[in-house]
Every structure is written in structure tokens, then in C-alpha cells.
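Notes follow once the structure below has been shown.
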Amino acid sequence: MLDPKLLRSQLDEVAERLARRGYTLDTERFRALEARRKEIQTRTQELQSLRNSRSKAIGKAKAQGEDIQPLLDEVAELGERLKASEQALRELQAELDAFLLEIPNLPDDSVPVGEDEEDNLELRRWGEPPQFDFEPRDHVDLGAPAGLLDFEAAAKITGARFAVMRAGIARLHRALIQFMLDTHTREHGYTEVYVPYLVNRDSLYGTGQLPKFAEDLFHVEGEHDWYLIPTAEVPVTNLARDEILPDEALPQRLVCHTPCFRSEAGSHGRDTRGLIRQHQFEKVELVQFVRPGESWDALEALTAHAEAILQKLELPYRVVALCTGDLGFSSAKTYDLEVWLPGQGRYREISSCSNFLDFQARRLKARWRNPETGKPELLHTLNGSGLAVGRTLVAVMENHQDAEGRIHVPKALQPWMGGIEVIG
RNA sequence: GGAGGGAUGGCUGAGUGGUCGAAAGCGGCGGUCUUGAAAACCGUUGAGGCGCAAGCCUCCGGGGGUUCGAAUCCCUCUCCCUCCGCCA
């Protein structure tokens, strides 16, 4: 959520910056809501003040044994007016809150202006796409024939967009998770956390999945109002919800492996082949809570931590700055890491690293105590994939294949593979 | 699943329907003392909103109700704890 004070004081500037990301802010509506809010709030508070002072007077008079009936008559219809006014204020505030919750974050000034992913800005490349003296296969052709990847079995058990893995590929998949967790904890200073995979509504509001993106989520039926997590970002970032962290506790670097569940409601017909877009996939997520002054440096560091995984796995990739039109709802700036996939002959997103500034923190009431002022202030949140495991598996298979269709395990990963160097 | 007990400021924990936004302790901050530190002592210290300010308003798990007035009474929901049962 944006700072309501900012909207009140610099509405036109805010509207201009939101327009860059293709969002039209209804400034007239906001002005109208604000004007009414101010009026009703003032009136309500006057009535409350009057009630408070009258009630105190009654208490005092009663204590001194005076006749309180005249005073009671005086406030006779005050209660009704106050109740009506409070009700009106509540309704208007709800309307205003709903309006504010729909507004995306302001793009940082360094974000390239553009409409869609075509306008994203490539910042750098690492590694060379491998040259094969044979026609490289995609991961489905590499895994499916031997049953190492089995989409038919998954379709029978559940449906489309699920996968079954077996033997060496299942092992490789698990090794990637352990490798990522160990690298981030041992080399990048992250603390590993384990969290619930089902979350309540408050958590989804906190990180911004609700109210706007309910259709992307799986909602669990039953007595509890729970949702399957679409990313570890939700439970992990919500660790800071309603907290006031001491200065010493910052910055916090958290790494978490979870499965992720996405309905993919709007993506029928896209990426229907293979592991690229699944309803269930594993991801190792990096989350940071930092002091407000530190978040831009933290974004660069976090992105480098995700890149380190690709480098160790010898996977060619490029770093892209998302343009204003492609930016996620809560993000002020996002770097995507795109890995080279020989099977598709192009770079595909494998990690998305974002600085949310105080946008999530405001919804979450995630704060720290600033030692300079002694007061609680909003902290900054960041996250990034480090990495999406399913897509990393695809990348390893396709980039490290040989003419016989076998997969060569990258050196850095071998300690996690129990001696297996070649799969297939 | 059955029975009971709870939810109060950064933390622990008092609280009779009427100066209670809330005792006390801890912690934090400032000071006295000290070469310095500790101890002791003194002072200070909840969060949020509106307003240029003075100030006003809200908040004692969430929601609703009773009342001139609710942390305190009633209803409801959520969460936590203890015991029993079941269970990976």
C-alpha cells in the first residue's frame, strides 16, 4: 500500500508515476473520498469529544450526589447522532481502504519506462549458450522416453500441469534444492526457515496477493479459510507482520524452500509442454528485511546471490531490468534472471528479484525501532527466487545434455548427488 | 473429539462500569555517583489517526451489543494454554 499521506500531498505526481506503469489513478475519486472522509471524521470526533466530556460530567455529578437527570436529558439524542456518524465514517474508510489496496507500488525512477516485456532492459549476460554438434533435445524428450519425467502418470493421478519424476531426475531435483539451501546459508549469510504451506487471508493481504489476485490462488475447502501458498514469499515475509524488530535484528536474510501452488487460471495454452509452468513446483526463496536506507544495496546483493547459483551450475543467463509496464504489483524495481534453454533456443525467467521498499511493510505493519528516533518505522522488504527449482532442473538437463541424451551433473552439484555424475 | 483456563503497552503482569491509555516489575533512553564499568538512586518511556499549532480522536485479541459512560457486563468469532482421548 502506498502512503496515504503521499497521496494527499502529491496526488498528481503520484498519478504521473503510476501512469508510467500503465495504471490510471482515479484522482477525482480519491479527492472526493478524501474530502468526505475529512468532513465525516471531523464531525465524528467532535461528537465523540462531546460525549466524553458529558459522560465525565455525569460521573462527577453523580459522585457528588447531585441530580443528574438534566445532564442525561442533554445527551439524549447525542448517542444516535454519534452512532450514525461513526457508521458513516466506517463505511467511507472501508471504501477508501479498498481503493488504496488496489493501487500498485510506484516504480523507482531508475526503472526503464515501457509497456510490456518487450521493453525490458537487458543489463548483462553471463556465460555462452552451449554449441552442440547435434540437435539438442528439450527436457521432455530427454526425460520422458525413459520415464524419468512422466506427465501421463501425473495427469492420471491429478490432471494437467503436474509432473512425476523418477530415479536420477527425482534425485537431481532434490539435490538442486539442497545445493541451493546450503549455498545460501553457508556462503551468503542466510538463515534457513521452515514455514506452513497453507496461509490465512491476512497473510495474503500483507504481501499483496489479495485482494487483486485471488484467481491465481488455490483456496482450500473446509472449516478453515486457508490458501495454498503461491510462493514462500507469503509465509516468510509475513514473519515480520505486526512486529517491531529491534535494530540489532536487522538486516535479516532468510532462505526458505517450499512447494508453490498456482492456479494458472489465465494461462491456458501457454507453456503447456513440460515443466515450465506447473500448478505445483518447488522454489528456494530469498527474503530480506532491511533498514530503509539499505534496501537498494540489498537488492543488488540479493540478485548476486541468485546469480551465484546459476554460475555454479554453469548455466548461461542474462539479467534484465523489468520495465514499468512489466513490474509486479508490489514492486518498486525488479531484476529478472533469465536462463538459456537450448530446447527453446531462448532465455526464460528463472528468478525474479524485487525491492518493495515499504509497500509491503505498510500493509504488514512490519516495523523496526529506529535507534536515531526511538520510534517504530516501517522497514523495507525484498525477495527473489534463489532459484525456481523446476526451471533450474530444466536448464541443467538441456544445457548439460550429450549426443546420447544423457545429463552430465555439473561439478558443483556432484557432492549432493551421491556419486552420480551422469543420468540416463 | 471431551473438559477447563486464558488473550492488557517492547516483554512479564495488576485492573472495583465513571480523571484508566491503563498499577508494578523488566527492558530502553537521559542523568547523579565512578578513572571507567557494575550496583544504587532520580527522571523518562505504548501504538496509530487528524491538525500549521494548541489540541482532539481511536486502540486493552477480532466483530457486534447493553449504557450518559466499557479493559471491566452480554453475545459471537479467532487464537493460545492445561488435562483426557486419538494420531505421523
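Numbers restart at 1 for each chain; the letters A, B, ... are given by sequence-line order, proteins then strands. Predicted, not measured: the structure shown is a model, and the values here were computed from it.
Of the candidates A/N105, A/T303, A/T334, A/T334 is the only one forming a side-chain hydrogen bond (donor to acceptor under 3.5 Å, both in side chains) with A/S354. In summary, of the residues considered (A/N238, A/N383, A/T207), a side-chain hydrogen bond (donor to acceptor under 3.5 Å, both in side chains) with A/E233 occurs for A/N383 alone. Just one residue in the list A/D326, A/D108, A/D109, A/D119 forms a salt bridge (Lys or Arg N to Asp or Glu O under 4.0 Å) with A/R20, and that residue is A/D109.
Rounded to whole Å, the distance from CD on A/E377 to C1' on B/G48 is 14 Å. Between the P atom of B/C79 and the CG atom of A/D242 lies a distance of 16 Å, rounded to the nearest Å. Rounding to whole angstrom units, CG of residue A/L245 and C1' of B/C11 are separated by 15 Å. The CD1 atom of A/I244 sits 8 Å away from the P atom of B/C11 (whole-angstrom rounding).
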Practice item. Let me have RNA chain B in dot-bracket notation, would you? Count Watson-Crick plus G-U wobble pairs, both distances under 3.5 Å, and use [ ] for pairs crossing earlier ones and | for inter-strand partners. Key: ((((((((.[[[..)..(.....]]]((((((.......))))))(((((....))))).[[[[[..)....]]]]])))))))....
Practice item. List the protein contact pattern of nucleotides 56-65 of chain B with one symbol per nucleotide (5' to 3'): B for base contact, S for sugar-phosphate-only contact, - for none; contact means a heavy-atom distance under 4.0 Å. Key: BSS-----S-
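Applying the 4.0 Å criterion to OP1 and OP2 of B/A47, one finds that A/R369 has a side-chain N or O inside that range. Proximity of A/K375 to the phosphate of B/A47: a side-chain N or O atom is located under 4.0 Å from OP1 or OP2.
As judged by a 4.0 angstrom heavy-atom cut-off over every strand, A/R367 is placed among residues touching the sugar-phosphate backbone only. Counting any heavy atom pair closer than 4.0 Å across all strands shown, A/P376 reaches sugar-phosphate atoms only and no base atom. Contact annotation for A/R201: no contact, since no heavy-atom pair falls under 4.0 Å across all strands.
Evaluation of atom-type donor-acceptor distances gives a pair under 3.5 Å for the side chain of A/K62 against the base of B/G18.
Position along RNA chain B of the nearest nucleotide to A/L72 versus A/R37 favours A/R37 as the more 5'-ward residue. Comparing A/K38 and A/G59 by the nucleotide of RNA chain B whose heavy atom lies nearest to each, the residue mapping closer to the 5' end is A/G59.
Nucleotides B/U76 and B/A24, compared at atom C1', are 34 Å apart to the nearest Å. Nucleotides B/A22 and B/A70 have their C1' atoms positioned 13 Å apart, rounded to a whole Å. A gap of 15 Å separates the P atoms of B/G62 and B/C79, to the nearest Å.
Defined by atom type and a distance below 3.5 Å, a donor-acceptor pair is missing between the side-chain atoms of A/Q360 and A/R363.
Between A/F30 and A/F99, the two ring planes are parallel [angle under 30°; tilted spans 30° to 60°].
Of the possible polar contacts, none joining the A/R37 side chain to the A/Q93 backbone as a donor-acceptor pair under 3.5 Å is found.
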